[in-house]
Amino acid sequence: MSTLAGKHIVLGLSGGIAAYKSAELCRALVKAGCTVQVVMTEAAEQFMTAVTLQALSGRPVYTSQWDPREANNMAHINLSREADAIVVAPASADFMSKLLHGGADELLSLMCLARPIEQVPLIVAPAMNREMWSNPATQRNVAQLKVDGIHVLDVGQGDQACGETGDGRMLEAEDILEDLEGFFTSKVLAGKQVLVTAGPTYEAIDPVRGITNLSSGKMGFAIARAARMAGADVTLIAGPVSLATPRGVKRVNVRSARDMLQAVLDHVPERGVFIATAAVADWRAANSAEQKIKKDGSGQTPVLSFVENPDILATLAQSVAAQKGALFCVGFAAESHDLLAHATAKRARKQVPLLVGNIGPATFGQDDNALLLVDAQGARELPHASKQVLAVQLIEDIARRMGGAQA
Ligand code: CTP
C-alpha cells in the first residue's frame, strides 16, 4: 500500500502550460488512495478547465476566495486546515515569488499563507521556461523558499513548450508522485549507504549466445526504491534488465557475474548495508568463443565446459567491513522447494546475518512474492504481497536490526 493512501492532498494549480500534467497527477493521487481537493488560480484556468479537474478528483474545484459554498466564506482557512499537505503543481515563477513575499491576493496564495506551518507541509513543483528558471531572481526565490521550510521539488530537463531546451520543465506526474510518496515515508535509513544487486547475470558463450536466468530484477529494484524512500543513499548494480531506475537511485549496469563483482567492490560502502538480490549465474563458459560458433553440417554438437563464478555475497560477507559489523550483509535464496531448510543452510554457508528465502520459479518475472526472513534466531514469514510492499517491510526490518529507526 502506498504511503499516500488515506492522505488528503490539496492540489494547487498556478498558471503554466505544465498544468496539463497536473490532470495526470490528480488521477495518480486518487489512484494511490488520496482524496484530492483542487484549487486553481485564474491563470491556471487559462490552461486547464475546472471541469476536467473536478471530474478527475471527484470534488468541485475552488477558484475564488469568495466562494459562497463555504458557510463562513473562509475557503482559505477551511481548505488548509483539512490538508495533510498542499502540493502546488505547476508552481509558476510568479506564484513562487508571491509565496516568498507572503502575497495573498487570490485563494491559492492566501490558503498557502494561512496554512498552519507546523502541521501542513507545502510542496511546490516549479514549471517555467529555462531562462526564467536560471534567472537569479528565481534562483534567489527558490533558495529562500527552502529556508522558509517550503519543499521545492526538482525541475526536469528537456524540450520546452516554447521550443527551447533546458532546465525548468515540471517533473512528470509519476516523478512527483514518487517524491510525494518519499515525503510521507519515515526515514528509517536516513544517512545510511545501501548497495543492492538485482536481476540476472549473462555469461557469454560466443558473441551471440549466452547463459542467463529468468530473474526480472523487480524485487531488487523494489528494494532499492524502498531504501531510497527510507532516506538511504542507494547504489543499484543491475544485471541486464530493462526496468526504469527508481528515482534518486544511482544505477550501474553490468552483464556478467565478474562485472557485477567488480562493480560491487567499486561501490561497496565502508559502513552500511549490502543486499544481494541478484540471481547470479553460478557458472560461465570456460572459454567464451571470440566468433559465433557455427554448425559444420555433421550434426556434431559443441562441447561446452564451465567454470564456477565468484560468489559475490560470500566475498563481501568475508570482508573486513562485514566481519567488523560495519557492513550488514543480506542474502537472498531463490529455491524451488524446501525453502526453510535450504535458506537456513545457505545463511550458514554464506555467513550472513540475514538471508531472505523465496521460491524462484513462482516469483521470477511476477509483481508479487512471499519472503521468508531467516536469521540466527529462526525464521519469520512476510506473507504474499506485491514486491513493492515486501520491499518496504524488508527495509523496515533491516533498519530495526541496525538500530537506526528514526522518525
Ligand atoms: N550470490 C552471489 N554470487 C554468486 C551466487 C550467488 O552473490 N555467484 C548471492 C545471490 O545474490 C543471493 C545468494 O548468493 O543473495 C544466494 O544465491 P542463490 O542463487 O540462491 O544460491 P547459490 O549460492 O547460487 O546456491 P545454489 O544455486 O546451489 O542454491
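Counting starts at 1 for both ligands and their atoms, following the listed order.
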Who's the nearest protein heavy-atom neighbour of [atom], and how far?
atom: atom 7 (O) of ligand 1; value: Leu313 N, 2.8 Å
atom: atom 24 (O) of ligand 1; value: Asp282 OD1, 2.7 Å
atom: atom 3 (N) of ligand 1; value: Ile312 N, 3.0 Å
atom: atom 17 (O) of ligand 1; value: Phe332 O, 3.6 Å
atom: atom 28 (O) of ligand 1; value: Arg349 NH2, 4.5 Å
atom: atom 5 (C) of ligand 1; value: Val280 CB, 3.8 Å
atom: atom 15 (O) of ligand 1; value: Ala276 O, 2.6 Å
atom: atom 18 (P) of ligand 1; value: Lys346 NZ, 3.4 Å

Under 4.0 Å between a side-chain nitrogen and a carboxylate oxygen: does that hold for [X] and [Y]?
X: Arg255; Y: Glu203; result: no
X: Glu164; Y: Arg130; result: yes
X: Arg401; Y: Asp375; result: yes
X: Glu335; Y: Lys346; result: yes
X: Lys387; Y: Asp367; result: no

Please determine whether the number of non-hydrogen atoms from other residues, nucleotides or ligands lying under 6.0 Å from atom CD of Glu42 exceeds 12. no

Greater than 12 external heavy atoms within 6.0 Å of Asn287's CG: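 No, not enclosed.
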
Please identify which atoms of ligand 1 are closer than 4.0 Å to at least one heavy atom of [X].
X: Gly331; result: 15 (O)
X: Ala278; result: 10 (C), 11 (O)
X: Ala333; result: 20 (O)
X: Ala334; result: 20 (O)

Judged by non-hydrogen atoms, does Pro310 sit under 4.0 Å from ligand 1? yes

Consider ligand 1: state whether an atom of it lies below 4.0 angstrom from any non-hydrogen atom of Lys350.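 Lys350 counts as a contact of ligand 1 under the 4.0 Å cut-off.
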
Is the shortest distance from atom 20 (O) of ligand 1 to a protein heavy atom below 4.0 Å?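 Yes, because at least one protein heavy atom sits under 4.0 Å from atom 20 (O) of ligand 1.
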
Sidechain-backbone polar pair: Arg27 side chain, Leu56 backbone, donor-acceptor under 3.5 Å: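 Pair absent, no side-chain N/O of Arg27 close to backbone of Leu56.
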
Taking Thr315 for its side chain and Asp311 for its backbone only, find out whether a donor-acceptor pair lies under 3.5 Å. yes

Would you verify whether the NZ or CZ of Arg271 falls within 45 degrees of the ring axis of Phe328 while also being under 6.0 Å from that six-membered ring's centre?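 Judged by the rule, Arg271 and Phe328 form no cation-pi pair.
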
